[in-house]
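Notes follow the structure.
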Protein chains: 2
Amino acid sequence: MPTLLDVARAAGVSTATVSKVLSNTPYFTEATRAKVMQAVDELGYVPNLAARALSSGKTHIIAVVFPYVYDALFTDPLVLRILEGIEAELTKRGYNILLSTPRLRESGPDTHYTRLIRSGYIEGVIALDSVPMASVLEIVRQRKMPAVAIGYHPNTYSIRSDDHQGGQLQMEHIIRLGHHKIGIIASDESLHFSIEHRLRGLQHMAEQHGLSYQQMPRANGDFSIDSGAKAARQLLTEHPDLTALLCLNDRMAMGAIQTAQAMGRQVPDDLSVIGYDNIPLSMASSPALTTIDQQAPELGRIAATMLFEVFDGKQPATATLPTTLIVRQSSSHVLVNNY
Amino acid sequence: MPTLLDVARAAGVSTATVSKVLSNTPYFTEATRAKVMQAVDELGYVPNLAARALSSGKTHIIAVVFPYVYDALFTDPLVLRILEGIEAELTKRGYNILLSTPRLRESGPDTHYTRLIRSGYIEGVIALDSVPMASVLEIVRQRKMPAVAIGYHPNTYSIRSDDHQGGQLQMEHIIRLGHHKIGIIASDESLHFSIEHRLRGLQHMAEQHGLSYQQMPRANGDFSIDSGAKAARQLLTEHPDLTALLCLNDRMAMGAIQTAQAMGRQVPDDLSVIGYDNIPLSMASSPALTTIDQQAPELGRIAATMLFEVFDGKQPATATLPTTLIVRQSSSHVLVNNY
DNA sequence: CTGAAAGCGCTTACAG
DNA sequence: CTGAAAGCGCTTACAG
C-alpha cells in the first residue's frame, strides 16, 4: 500500500502539504493541489485510518449500540428499521458503523463494551438506551464522548417516539369503533421505558371518554410472538366478553390474533386486535394489522443528525417524533354488544 | 486516559515489558506480571486500539458486509438472523463488527466501501456475497485480505445453505400431500444465486415423481410481501385449478396467503402455501407458515469460525449447511381433485 | 503558500 | 527474563 510519503515524493512536495491538500485546507496553489491529486490517483493512495486516528483522534467510526436484552436485538424487525435510518445518515457523511451489542446486567454493560468505548476507536455513540435496568451511556458520559440516545434515560442529547401519544391513538381508535370491553397486552414496565408512557396514553384517552382504565384487564408478555399468544389466551379465557385487544407491539399482536383464531374468534368480526410499531410484516398478517407507526427509520436518521450537531459544538434539543395510526383489517366496529 | 508509558512508570518497568505482559507473552516472572497488572488495574488502563492497529496491523475489527441491494438489507429478517450468528462468534472472541453496507452496481461496490477495505482498519471480512451482478469480495481478494463469503461467488472460502436440497424438500412435501397442480413463486435468477439452485431442487424432485416441472406455472417477485401478493394473484387468476403455491421466501409466501384469502381461497383447505427461510414471524402468520429452515444464525456463526481458521493459516473447506422442512398449518392434503 | 520536525501510543526485532 | 530504540503512517503547531 502506498503511503503519504510515497505520494509526497511522487508529487515533489512535503508530507505536510499532501496531508493538508487531502484534508481540504485552503490556501494552496491550484498547481500544488493538482500535482498532489495526480500523484494520489496514480498511486491509488488511500489514507491509513489507524494512523490518522492515532494522530488526529478522528476515526470516522461511530459506535451504534444496541443492548442485548430480552429478545429484542436480533428478533425485532423494529431494530433493523432504526438501524436503517442511522446507516443512511452515517453513510451519507462518510462515517462507519461499529455495531456494538453489549450484554446488559444490573451492574451495567459488559467490559468488552466499556473497553471499546475507551479504546480510542470511537468518535461518537448512538445508542438505543431504553432499558430501565441500566444505561449504556453512563460510561460514555463519564468520558464526555459525543453521544445521542434513542430513548428515555436522562441523557444530555436524546430522541424518542411520542409513546404517550401512540397509546392515545390506539385507545381513541378502538373507542371510536364503539368498543368498551377492551383488554391490554403490555409488558412489565421494567423491560422498556416506552411501556409506561404508552400505558399512560391509553389511560389518558380512556378516561377522557369516561371509561375506566383500571378495570380493563391486562396481561403482560415480553414482546415475543409466543408471549402475545399466551397473554391473549389468558385474557380471552378469563374475560370472554372482550371485543378488543390493544397490544403494545406488533409481534405480540400477531401472536394474539393466532390464538384468538385458534379459540374460534373471528378477527376483526368478533375481536379487534391492534398492534404497535408498524413493522414491515405487520401488513402481511391475516388479517393485516392495524397498528401505530413510530417512524423507526426517521428515529435513527435524526439521532445521527443530532450527533453531527454535537460534533459541531451545538446542543440539539431533545426531539420527540409523533406517531401515526395505520388502519388495516384487524380492527372494526363492534358487531355484538355482549353485556 | 492513561497510556502504556504511565503503566510502565507506575510498575517500574519498561513499556516493552508492559506490552509483552499484556499480550500474554510467556517468560515473565510472576512478580513482574503482578506488578504490571496491578498498575493496569490502579490506573484503569485500556489500550489505545488505533495505536495498536498502527504498529501491529491488528485492529480486531471485522468488516461484516451486507450489500445494499433490492429490498433485502433492512427489510429481510433473515439478514438479522445471519448477523446474529456472526455477532455471537465475533463477540465471543473479542472482535468488533464494522457493519458495511455498500451500494452494489454493475461496476462493483461503491468507493466508500473500497476505501474502507484499503484503509488499514479491517483485519478480515465476512460478506453476504450472493448477488450475481457483482461480488463485494473482488477487491478484498486483490488485497489478499482474509475473508469468508456467505454465498455462491467463486471465492476461496465460503459457506452456503443447501438451496438445492431446500427446493427438493418443498417439492417433496407438497407432492406427498397429494398435490400435482403446483404453482411456483420465485424471483429472477439475477437477483440471488440461491434462486437457481432452489429451482433446480424443485425440478429434480418433481421429475423424480413423474411431474413436469416445465408445465408448472411460475411467476416472479422480488422477495417483498407485495410482489408475492401480486405473483399469487396472477397465478391464481390464470390457473384457478392450482392447489399449491411454492414460494422461494417467506415474505412472498405471506403476501401470497393474504391475496389467496382475499380471492376467497381457504389456506390450507383449498390452497397450500409453502415458504422458505423460516423467519421468526413465519410462525405468526395465519395460518402459520410451512417453510424451509436454512439455519441462518448457524450460517453466520460458521462463517465467523472459518474466518478465524483463515487467520490461523488454515484453509477451511467450503461448507454447505443442510435445510429442514418445518411443517405448520399452511399446507395440507389436497381435498378436491380438480382435473 | 509550503516544509521540518515532533508526536500520537503502541509493538517488535535486537541485544543483553 | 527485561529494556532501548526504531518505526507504524498520519497530523499539527510552528516557522518562514
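This structure is a prediction, so every number in the text was calculated from the model and none was measured.
One atom, CG of Leu54(A), and another, P of dG7(C), lie 14 Å apart when rounded to the nearest Å. In this structure, CG of Leu49(A) is placed 19 Å from P of dC10(C), rounded to the nearest angstrom. Rounded to an integer number of Å, the gap from CG of Leu5(A) to C1' of dG3(C) is 13 Å. dC8(C) atom P lies 17 Å from atom NZ of Lys58(A), rounded to whole Å. Here dT11(D) presents its P atom at 5 Å from CZ of Arg52(A), a figure rounded to the nearest Å. To the nearest angstrom, P of dA6(D) lies 18 Å from CG of Leu4(B). Distance Asn48(B) CG to dT11(C) C1': 13 Å, rounded to the nearest Å. Taking atom CG of residue Leu22(B) and atom P of nucleotide dC10(C), one finds them 9 Å apart after rounding to whole Å.
For dG3(D), the OP1/OP2 oxygens have a side-chain nitrogen or oxygen of Thr17(B) closer than 4.0 Å. Taking 4.0 angstrom as the limit, Thr29(B) places a side-chain polar atom (N or O) nearer than this to OP1 or OP2 of dT2(D). Remark: Thr32(B) is not in phosphate contact with dC1(D), judged by side-chain N or O atoms under 4.0 Å from OP1 or OP2. Under 4.0 angstrom from either OP1 or OP2 of dC10(D) there lies at least one side-chain N or O belonging to Tyr45(A). Note on Ser14(A): a side-chain N or O is less than 4.0 Å away from OP1 or OP2 of dG3(C). Contact check, Ser19(B) against dT11(C): a side-chain N or O comes under 4.0 Å of OP1 or OP2.
If you check the side chains of Asp163(B) and Tyr152(B), you find a donor sitting under 3.5 Å from an acceptor. Residues Thr111(A) and Thr114(A) have side chains that never bring a donor and an acceptor to within less than 3.5 angstrom of each other. For the 3.5 Å distance criterion, the side chains of Asp162(A) and Thr320(A) fail to qualify, holding no donor opposite an acceptor.
Nearest-nucleotide positions on DNA chain D for Gly12(B) and Ser55(A) put Gly12(B) closer to the 5' end. For the pair Ser56(B) and Lys20(B), both in contact range of DNA chain D, the more 5′-proximal nearest nucleotide belongs to Lys20(B).
For the atom pair OG1 (Thr59(A)) and CD1 (Ile122(A)), the distance works out to 6.0 Å, reported to the nearest 0.5 Å.
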Given Glu42(B) and Lys35(B), is the salt bridge (charged side-chain N to carboxylate O under 4.0 Å, His left out) satisfied, shown in steps? CA-CA 11 Å; Glu42(B) 280 173 0; Lys35(B) 270 192 303 187; over 6 Å; no
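Base pairing of dC14(C) is made with dG3(D), judged by Watson-Crick or G-U wobble geometry with both donor-acceptor distances under 3.5 Å.
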